Structure formats: C-alpha cells, structure tokens
Amino acid sequence: MGAATAARTAEFVFLCVPTPQGDGGAADLSFVEDVVREIAPVLRPGSVVINKSTVPVGSAAMVERLLAAAGVPAESIGVASNPEFLREGNAVRDFLEPRRVVIGCQDPEIAVRVSELYRSLQTPILVTDAASAELIKYASNAFLATKVSFINEIANLCEAVNADVREVALGMGYDPRIGFEFLHPGPGFGGSCLPKDVAALIHDSEQAGYDLRLLPSVADVNRLQHERIVGKIRGAVGGVLRGTRAGLWGLTFKANTDDVRDSPALAVASQLVAEGADVRAYDPVASEQHGLVTGLEVVADAYDACRDADVVVVLTEWDEFRWLDFDRVIDVMRTGRIVDARNLLDPAAMRRRGFAYQGLGR
Ligand code: UGA
C-alpha cells in the first residue's frame, strides 16, 4: 500500500528496509533515508519509528535528524532501534522464539511502550541506548562470522596434523562458554548478512578512529577458504582443472533457503569455470534464473550434475544429498571422486563404495 499509507494510522512504524553493501564496505542507508522522508509528513503525533533494518551506529540519531528536517517536532515522535536476529530459513520461529529482544532508546517511556509489543514472548528484553543496540546487531553477526572462520582454520590445521575437526568441535562445544553452534567447517560464510556486516563494521570502526585487528583476518580467512576448496578440487583431479568436468551439489549460501547472494558455492564455481573446467551444478531450489555464474550449467537433478564428471563437490548442506543412490552416482561419473566441502557425507561409507573421498579437516 506504500509506506505513507501504511504509517498514517500506526502507533508503531517498523522500518524493515534493506541496507545493502555500499562504497568501501559501508552500509548503504538510502532506503532508510527515503522511507523516513516518505513517512515523515503523515506520522501520527505520539507514534514511534522503530528501526529493524541493520544499520550502523548513529542511525537512530540520523532518523531523528531526518524527521526534524522534515518539520516533525522532536517531542511528538519517538525513535527506537530494535535489531532483528532472524536466520534465513528459520525466520518465523526465530521471531516467535527469540533468544533476546533488544530495544535501543534513550527515552524510558518509549522503551517501555516498545517492549510491551513483545510482552507475550518468553525472552529477556534488554533496553539500551540506541548506539549500543545498533552495535549489538553488528557485533553478534561479526562474532558468528569469527566462529566460522575460526573453525575453518582449525579444520585446515586438522588436515596438517591428522586430527578430526568434528571431534575437536565436539570436544570444544561441551564447554558452555564455547557452545556447539557455528563450529561446522565449510566453504566459508556467505549470504546477505555476515559478509556485509563484517565489511560494514570494519569500515565504520575505521571511520570512528578505531582500527579493528581481528575482523579483517576473519574476512581474509573466509576468502582464502573459497580458494582452499578450489585447491582441493584441483588436487583431486591431478593438479589442472582445464579440460576436466566438475559436478557441483548445492549453490545456495546455506541449506533451506533459495538465497545465492554472496554464496561461497558461486565463488568456487566461478573459479572453476575461470580455470577452464566444465562445470555442471544442481541445487534443489537455485536455478539459472538466479543469474548465477557465466559458463556454469545448472541442471535439474543431482545425478545429471555428476554425469561423466571427474569430481563431484558438495557445496551446500542440503539434506537430500545424504540420501542419493551413491552406487548410481559412481556409475554415471567418469571417475568416482568426491570433495565434500560441508562434511555432509560419511567418509567410510563413501570409500567402501569406491569413491576417493575428501572432506574438510578429517
Ligand atoms: C545471520 C545470523 O545468523 C542471524 O542471527 C542474523 O539475524 C542474520 O544473519 C541477519 O543479519 O539478518 P543468515 O544470514 O540467515 O543469518 O545465515 P547463518 O545461518 O548465520 O549462516 C551464515 C553463513 O555461515 C552460511 O553461509 C553458513 O553456511 C555459514 N556457516 C554457519 C558455516 O559455514 N558454519 C557454521 O557452523 C554455521
């Protein structure tokens, strides 16, 4: 119905617009700015503008400034930051069963009104200043990204010292200070959030005069992880990709989503194509309509993807890949080699079937 129509009679107005990666890694706030300008003339006195978009520190203050510039008296409209922590593919459940609700607002009366919206949820509600709420969102995603890069490095180390990263992660995870989650090695973190938010936090901290040391390494490890997977595939086919055929299983940035934005699978696919491999991919939901990688052929079933292939690569942890008929897979392949970049398959079972199998860190 248009933002202004939606906001006209509302007591609470949620801003849930995208904040894509802009120049130099900064979040592009143009959608936030446009929608605030659009709703400013129609906002009801006493209403609250609540920012749910992932926005840098200082954005609540920016919204207040834009409203003031549009002639809205500061005392008539409240502004709060209320970041979301929803995972793609699990958003409804994460919304209904959040681990916490964060409300960033200097005015206690407005903070209480916003927290009332979440009263029925059994979850801690944390009221902070706006800047802290905004940073909680970025720091949380950056920490998750750090965990993924950390376990990817440990997996690489496991290969060097003959350890098994699954055992290492399990043994670490029993310590509640560490926990089990986000300790699955893979081709790197992707999607529309973690890579963008890490870049934005690096950019914003530079602007604020603080030089973050850890996060640039987290981003570097992530990029190198794509290359490491390509290296494994290259090694599996004897050192040269040109003239070989690779079958890829999975293109989305993780399972149970149709999102291919910043997908590590596409980074791997484009490198394989660039090195002259003939690459065919299958994904349960992503198709060529997603405008994937030039030169990458997307087919409609997993067996077709590995027909006459020299190597097949698991890039997304879709459950259906576990249950394929692997006797048929090895039959249709030219040579039975698997690079399992998600540690999805059972190495012993694969080797028994005659595959040369490589996982990550085991
Ligand atoms: C992420 C956060 O998890 C949400 O809390 C946050 O609300 C959201 O970003 C957002 O900012 O909107 P999402 O982008 O859906 O959610 O993806 P994740 O489930 O966090 O996975 C991110 C990437 O890390 C994926 O590529 C995934 O495959 C990878 N990953 C995750 C691993 O490689 N290993 C793991 O152990 C976990």
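Residue numbers run from 1 in the order of the sequence given. Because the structure is predicted, anything quoted here is derived from the model rather than measured.
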### Message
Using the side chain to side chain contact (heavy atoms under 4.5 Å, CB included) criterion, which residues pair with Arg228? Sequence neighbours excluded.
### Response
Asn156, Glu159, Gln225
### Query
Are Leu315 and Leu241 co-members of a hydrophobic cluster defined by side-chain heavy atoms under 4.5 Å apart?
yes
### Query
Who are the salt bridge (charged side-chain N to carboxylate O under 4.0 Å, His left out) partners of Asp94, not counting sequence neighbours?
Arg87
### Query
So, Arg100 and Ser140: side-chain donor and acceptor under 3.5 Å apart, yes or no?
yes
### Task
Could you tell me if the ring centre of Phe182 sits under 6.0 Å from that of Phe189?
no
### Query
Can you find a side-chain donor-acceptor pair between Tyr357 and Asp340 that sits under 3.5 Å?
yes
### Trace of the salt bridge (Lys or Arg N to Asp or Glu O under 4.0 Å) decision for Asp331 with Arg328
CA-CA 5 Å; Asp331 255 14; Arg328 186 171 159 203; over 6 Å; no
### Message
Going by side-chain hydrogen bond (donor to acceptor under 3.5 Å, both in side chains), name the pairs with one or both residues in residues 8-24, residues two or more places apart or in two chains.
### Response
Glu11-Arg113
### Message
Nearest 0.5 Å, please: how far is CD1 in Ile103 from CD1 in Ile136?
### Response
11.0 Å
### Query
Who pairs with Ala255 by side chain to side chain contact (heavy atoms under 4.5 Å, CB included), at least two apart in sequence or on another chain?
Thr316, Glu317, Trp318
### Summary
residues 101-110 vs salt bridge (charged side-chain N to carboxylate O under 4.0 Å, His left out), sequence neighbours excluded, gives none
### Query
Between Lys254 (side chain) and Gly89 (backbone), is there a donor-acceptor pair under 3.5 Å?
no
### Task
Indicate whether the side chain of Glu320 and that of Tyr282 have a donor and an acceptor atom separated by less than 3.5 Å.
yes
### Steps toward side chain to side chain contact (heavy atoms under 4.5 Å, CB included) verdict (Val312, Leu248)
CA-CA 6 Å; Val312 65; Leu248 308 184; over 6 Å; no
### Message
Going by the rule side chain to side chain contact (heavy atoms under 4.5 Å, CB included), which residues pair with Asp175 if we only count those two or more places apart in sequence or in a different chain?
### Response
Arg177, Ile178
### Message
Could you check, using the six-membered ring where one of them is a Trp, whether Phe321 and Trp249 have ring centers closer than 6.0 angstrom?
### Response
yes
